[in-house]
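Residue numbers start at 1 and run along the sequence shown.
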Amino acid sequence: MSETTVKTGPPAPAADASLWIAVVAIFLGTFIAVLDNSLLNVALPKLMVIFGVSTKDIEWIVTGYMLASAVVVPLCGYLGDKFGYKTLFLSAVFAFTLGSLLCGLAWSNGSMIAFRIVQGLGGGFIMPVGMTMMYHIVPREKIPVVLGIWGISAMAAPALGPTLSGYLVDHFSWRLLFYINVPIGLFAILIGASILKETPRKGGLVFDLPGTLLSVTFFGTLLLALSEGQSEGWGSLYIVSLLYIAGASFTLLVYVELCREQPMLDLRLFKNGIFFMATLSSGFVMMAMQGGIFLMPLFLQNVQSMSPMDTGLLLMPQSIAMALMMPVSGKLYSKFGVVPPVLAGLSILIVTTFELGFLTADTPHRQLDTLLSIRGIGIGLTMMPLMTFGNSVFPNHLMGRASSVSNVFRMAMASLGIAVLTSILNSRQIEYAARISESLSGTTAAYAQFQSAAVNRSLEIGADLSGAQGGAAGLLMRLVQQEAFVRAIGDTFVISVIPSVLSLVCVFFFIRRKAQPASDRGSAAGQQGASGPAHVMEL
C-alpha cells in the first residue's frame, strides 16, 4: 500500500509559544464544558433530595442544558462569519462561566433549570467554534496532532468527572460542582482575549430566519422526544407528536436550506463525498460509544452495587486511554492517512464491545478494566482522524459551517444511540424476566433447596415463619430481575456493535483503487488540494 497526500500552502504560522498558549485557551474552554455534564450526572440524586423534587423534575436540569446546546449549534457558522470566531468563542465561554456561577447560586429546581439553559447556550458553541478556531490558527500540516491534543479535553473530562463529583458532593458542597468552572473559565477568557487573533469577518451576510426557526424546531423536538421517550412511552401522544413535528420540520428544513444562497445550516456540504462519509462514520462511532458510557455505570451500580465514586474510579482508565490516544492518532493520521488508524480503532472497538456482551453479575473488576481500557484505545484511534479527515476537504472560510453541520449530526446520533439502547435494554429485561420466571417451578429440587435455605436464614436472624417465607419469595424475585438485567445489558452491548460495523463499512469508501487512471487521480487530488490536505489509501 502507498499513500497519496495532497497539501496546499498553509496560512502564516504564529510563533510556537503563542500558538500553544492559544491552544491552551481553547482546550480549557472545551474542558469545562465537557466536565460540567459528567460532574452533574453523579450529583442528581443529591439534588433531588435538596430541592425535594421527583426524578422526572430533576432530569430537566440535564434536558434543559442539552436542548439549549443543540439549538445554538446550527448558528455557529453564521455568527462566526459575521462577528469573528474569536469573539464568538470568548462570548460562549463567558456565557458558560456566568451560567456556572448562577447554577452555584440556585435556590430551587426551577432556578437551576433556568440557569442551566444559560450554561447550555454558551456550552453549545464552545466545541464546534473551538474546532473551527484551530483550523484558523494552526498550520494545516500540524492540524492532526494539535487537534489530537485538543481532543484530550473532551476525553479527560469524563474521566475526572464522576470521581471528582463524588468527592465534592460527599465532602464539601454540590455548589462547588459549578463554582469550579468559574476560575477556569475566566482564565480561558483572559488568555484567549490576549493571545487569540480574530478571524476574518464576512460582509453582506443575510440572516436565514426560516432556516433558524426550522433547525431549532427540528433539533429541539427530536432531542426532547429521544430523551423523554422511554419515560413517557414511545407510543404516547406526546412523543408521537414530537416525532411528527421533528419529521415535518426536518423535511421543510432540507427544502429551505437547499434553496437559499446563504443557508443557516449548509446541507450542501454533504455533496462532498469525503465529508459525508466521514461525518456519517463518526456519527456511528458516537452511537457505539454510548454502549460503554451509558450501560457500564448501570451495570456497576445496579448489579455490582458500586458507589458513584467507585464507579468513576473504575471507568477512569477507559477515558484516560481515549485521551492519551488522541494525539497518537493525530500523528498516525499525519503519517499513514485516515484508513490505517481508523480500521485498527474500529476493529478494537468491535471486538471489545462484543466481549462486553458476555458480562455476568460477578465479572471481575480487573477484567472489566482491561476490556474498557482497550476499548478506549480503539475509540481514541478512531474519532480524531475521522473528524480531521472530514473537515480537511474544505478551505478555512467554510470550516465554521462544516463544523456546525458535523457537530449537530454527531449530537443527534449520540442522543439517538442512548434512546435506542435504553429501549432495547428495557424490552430485553422484561422479556428475560418473563422467561426466567416461567422456567421456575416450585416442584423442582433446586427451588425447594433455595427456599429452605432462605427461610432458615431468615428464621436465624429472628423473623417469623410467614415473614421468612415472604422474604424468600422476594429474594428470589430480586435475583430474577438482576439476572434478567445482566442478560439484557449483554444483549444491548452486542447490538451496540452494529453502529461500529456500519462505521467500518463507511471507511472503505476512503480507499482509492490503483486501477483509476493517473490523470483522474491528479484531477481529484487537485480538487481536494484546493481546500486542504487529504489522505487516502491506494490499493
Side-chain angles (χ1 to χ4, degrees), residues 38 41-42 44-45 55 59 158 162 226-227 229-231 234 284-319 321-322 348-376 378-379 413-440 475-502:
S38 60
N41 288 335
V42 175
L44 288 180
T55 302
E59 284 178 352
L226 293 176
S227 62
Q230 192 60 45
S231 58
W234 292 106
F284 283 132
V285 174
M286 289 296 293
M287 291 186 71
M289 281 178 61
Q290 304 312 311
I293 294 172
F294 168 67
L295 294 174
M296 192 50 63
L298 293 178
F299 172 80
L300 294 174
Q301 294 183 36
N302 294 344
V303 176
Q304 298 197 337
S305 302
M306 295 182 66
S307 68
M309 185 170 178
D310 290 337
T311 299
L313 287 172
L314 192 144
L315 296 178
M316 186 180 292
Q318 173 184 230
S319 296
M322 284 191 282
I348 293 172
L349 180 60
I350 290 170
V351 172
T352 51
T353 304
F354 185 77
E355 284 295 318
L356 289 173
F358 297 97
L359 289 175
T360 62
D362 55 355
T363 298
H365 290 170
R366 180 174 295 180
Q367 180 181 341
L368 285 176
D369 247 344
T370 302
L371 270 177
L372 292 174
S373 298
I374 297 173
R375 189 173 184 270
I379 295 172
M413 292 289 278
S415 298
L416 179 62
I418 292 175
V420 170
L421 292 177
T422 302
S423 180
I424 292 172
L425 175 63
N426 288 331
S427 62
R428 296 296 287 170
Q429 183 181 4
I430 293 171
E431 182 180 342
Y432 275 124
R435 287 184 187 178
I436 297 172
S437 297
E438 289 175 0
S439 66
L440 293 175
L475 175 61
L476 180 61
M477 290 309 299
R478 285 195 298 272
L479 292 174
V480 168
Q481 289 297 325
Q482 183 186 74
E483 179 63 23
F485 187 73
V486 171
R487 294 186 187 183
I489 278 188
D491 285 359
T492 309
F493 267 120
V494 172
I495 293 172
S496 70
V497 171
I498 296 175
S500 301
V501 175
L502 294 176

Tell me the closest heavy-atom pair linking [X] and [Y], and the distance in Å.
| X | Y | result |
| --- | --- | --- |
| V497 | F354 | CG2-N, 3.7 Å |
| A361 | V486 | N-CG1, 4.0 Å |
| G357 | V494 | CA-CG2, 3.9 Å |
| T363 | Q304 | O-NE2, 3.0 Å |
| S500 | I350 | CB-CG1, 3.5 Å |
| L349 | T353 | O-OG1, 2.7 Å |

How about L502 and M287: do any of their side-chain heavy atoms sit closer than 4.5 Å?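 SC-SC contact between L502 and M287 ruled out.
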Can you list everything that forms a side-chain hydrogen bond (donor to acceptor under 3.5 Å, both in side chains) with Q429? Sequence neighbours excluded, please. none
Applying side-chain hydrogen bond (donor to acceptor under 3.5 Å, both in side chains), name anything that partners Q367, two or more places apart in sequence or on another chain.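 For Q367 there are no side-chain hydrogen bond (donor to acceptor under 3.5 Å, both in side chains) partners, ignoring immediate neighbours.
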Distance check, rounded to the nearest 0.5 Å: [X] atom [atom1] versus [Y] atom [atom2]?
| X | Y | atom1 | atom2 | result |
| --- | --- | --- | --- | --- |
| L425 | I495 | CG | CD1 | 10.0 Å |
| L300 | L359 | CG | CG | 9.0 Å |
| Y432 | E483 | OH | CD | 9.5 Å |
| F493 | I424 | CZ | CD1 | 12.5 Å |
| M286 | I379 | CE | CD1 | 9.5 Å |
| F299 | T360 | CZ | OG1 | 6.5 Å |

Identify which one of L372, L368, T370, D369 satisfies the side chain to side chain contact (heavy atoms under 4.5 Å, CB included) criterion when paired with P317. D369
Pairs meeting criterion salt bridge (charged side-chain N to carboxylate O under 4.0 Å, His left out) with involvement of residues 417-432, two or more places apart: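 Listed by first then second residue: R428-E431, R428-D491, E431-R435.
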